[in-house]
Structures are given as C-alpha cells and as structure tokens.
Amino acid sequence: LNKAVADAQADQEAARAAAAAAIAAMTPVSNEANILAAYKSLQDILDMQNATADEITNATTALTNATTTEKGTRGEAVTAADSAITAAQAGDNANDEGVQEAIENLQNVIDNATSETADADGKVPLTADIEAATQALAQAISDAAAAREDAVTAAQDMMGDTAPVSLEPD
C-alpha cells in the first residue's frame, strides 16, 4: 500500500512538472482565447490538491495541443504578414503615406504579439490582429493604386483639354 501511495505521489509530481512546462511554453500565444481556456482548465485541476496524475496529464495534453496548433496558426499569419510587407516595400506604392503607415502598424502588431507586449490600447495583439493588420496593408495598397490611377486619368484629361492650343507659345 505504501508503495502504491508513493508511486501515485511520484506520478502526480511528474504530471505537475509537465504541466508547469506546458504553461511555460504558452508564450507567445498565451493570450489567445483557446489557450486561456485550456490554461484555466489545467490551473483548476492543479489547484485541486487531490487531482490525479491522469487528470493533470489530460489537461496538460489539451493545453500542449492547443498551444502547438495556435503557434502554427500564428507562424502562418506572421509569414503572410512578412511577405505582405516585403511585397509592399517593393511595390509601386511603397512611398504612399497610407502604405507606409500600414507597414509600420503591421510591424508593430507583429512585434507586440511576439513579445506579448500591450499595444497603445492596452491589449496584447492576437493572431487575428496580425491578420487584420495584414488586410489593412492590402487595403492601403489598393487605395493607393486607385488614387494613383485617378491621378493619371485626371492628368490625361487635363492634357486632352489643352488639345487645340497645346503647342501654342505662351
């Protein structure tokens, strides 16, 4: 009986150590809703003094799986954002003020999400915020392209309006 109790205690201690490691591995996605939910479930079990090793292990596995999935999603979002920034900086509208602001905003969102630092609004950016800032960059590029096209059309119209006298000396 004593051996069974000792084994159970050892199993519980090992499960608690694994749980601590899973909690430490949540960065940089620890503020995502699914991670917070899995963390809360695990913490509730850890707070129960008589939680079994299996209960702790199951909750730890759920947190680890959620963290792994979210880190993959975050990685894809950051890769897409980095590609969008590179394309924008090399594009025809790279010098447009709106595009430059959108690039700077996206870089700040990525940096703050990665370091889990709060933005000006006091919230740590999530993966969805990276995706939204990437979309905002795409919209800024689209807006700049449309404005440029409008300017070209207006210039062509103005040149057309001077047609009969365009070659006259001043």
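All residue numbers in this chain count up from 1 along the given sequence. Keep in mind it's a predicted model, so treat the numbers as computed, not measured.
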**Request:** Would you please test E76 and T79 for side-chain contact (heavy atoms from CB on, under 4.5 Å) and show each step?
**Result:** CA-CA 5 Å; E76 291 169 7; T79 298; 5.7 Å; no
**Request:** Please assess V124 against T117 for the test side-chain contact (heavy atoms from CB on, under 4.5 Å), listing each intermediate value before the final yes or no.
**Result:** CA-CA 6 Å; V124 174; T117 303; over 6 Å; no
**Request:** Might you work through the side chain to side chain donor-acceptor pair (under 3.5 Å) test for Q139 and D143, ending with a clear yes or no?
**Result:** CA-CA 6 Å; Q139 186 60 51; D143 292 349; 2.7 Å; yes
**side-chain contact (heavy atoms from CB on, under 4.5 Å) between N105 and E101, intermediate numbers included** = CA-CA 6 Å; N105 178 60; E101 288 173 5; over 6 Å; no
**Message:** side-chain contact (heavy atoms from CB on, under 4.5 Å), that's the test. Do D11 and T52 meet it? Break it down for me.
**Reply:** CA-CA 8 Å; D11 289 348; T52 67; over 6 Å; no
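Heavy atoms only, all atoms of each residue included: L106 and A133 are closest at CD1-CB, 3.5 Å. Across all their heavy atoms, N50 and Q12 have their closest contact at C-NE2, 4.2 Å. Residue A18 comes nearest to T60 through the heavy atom pair O-CG2, 3.7 Å, listed as atom of the first residue, atom of the second, then distance. Between V99 and A140, the closest heavy-atom pair is CG2-O, 3.6 Å. Heavy-atom minimum distance, Y39 versus L63: N-CD1, 3.9 Å. Contact record, A15 with I56: O-CG2, 3.4 Å, taken as the closest heavy-atom pair.
Within a 6.0 Å radius of CD in E116, more than 12 heavy atoms belonging to other residues, nucleotides or ligands are found. A 6.0 Å sphere centred on CD of Q135 holds no more than 12 heavy atoms belonging to other residues, nucleotides or ligands.
In this structure, the side chain of K71 does not engage the main chain of P28 through any donor-acceptor pair within 3.5 Å. A donor-acceptor contact shorter than 3.5 Å is absent between the side chain of N112 and the backbone of V109. Of the possible polar contacts, none joining the E131 side chain to the A77 backbone as a donor-acceptor pair under 3.5 Å is found. Panel note: side chain Q89, backbone A94; no donor-acceptor pair is recorded below 3.5 Å.
Put simply, the residue from T69, T114, T67, T73 that forms a side chain to side chain contact (heavy atoms under 4.5 Å, CB included) with V29 is T67.
Put simply, OG on S41 and CD on E55 are 12.0 Å apart, with the number rounded to the nearest 0.5 Å. Atom CD1 of I23 is separated from atom CG of L42 by 4.5 Å, given to the nearest 0.5 angstrom. Of the inter-residue distances, the one linking L126 atom CG with R74 atom CZ reads 7.0 Å to the nearest 0.5 angstrom. We find the CD-CG distance between E97 and N95 to be 11.5 Å, quoted to the nearest 0.5 Å. Rounding to the nearest 0.5 angstrom, the gap separating the CG atom in D129 from the CD1 atom in I110 is 11.5 Å. Between atom OG of residue S142 and atom CG of residue L137 there is a gap of 11.0 Å, rounded to the nearest 0.5 Å.
With hydrogens and angles left out, the side-chain atoms of Q107 and D111 include no donor and acceptor closer than 3.5 Å.
I141 and I130 fall within a single hydrophobic cluster, where Ile, Leu, Val, Met, Phe, Trp and Tyr side chains are chained together by heavy-atom contacts under 4.5 Å.
Considering only heavy atoms from C-beta on, E32 stays 4.5 Å or farther from M26 through its side chain.
In this structure, D119 does not pair ionically with K123, as no charged nitrogen and carboxylate oxygen lie closer than 4.0 Å.
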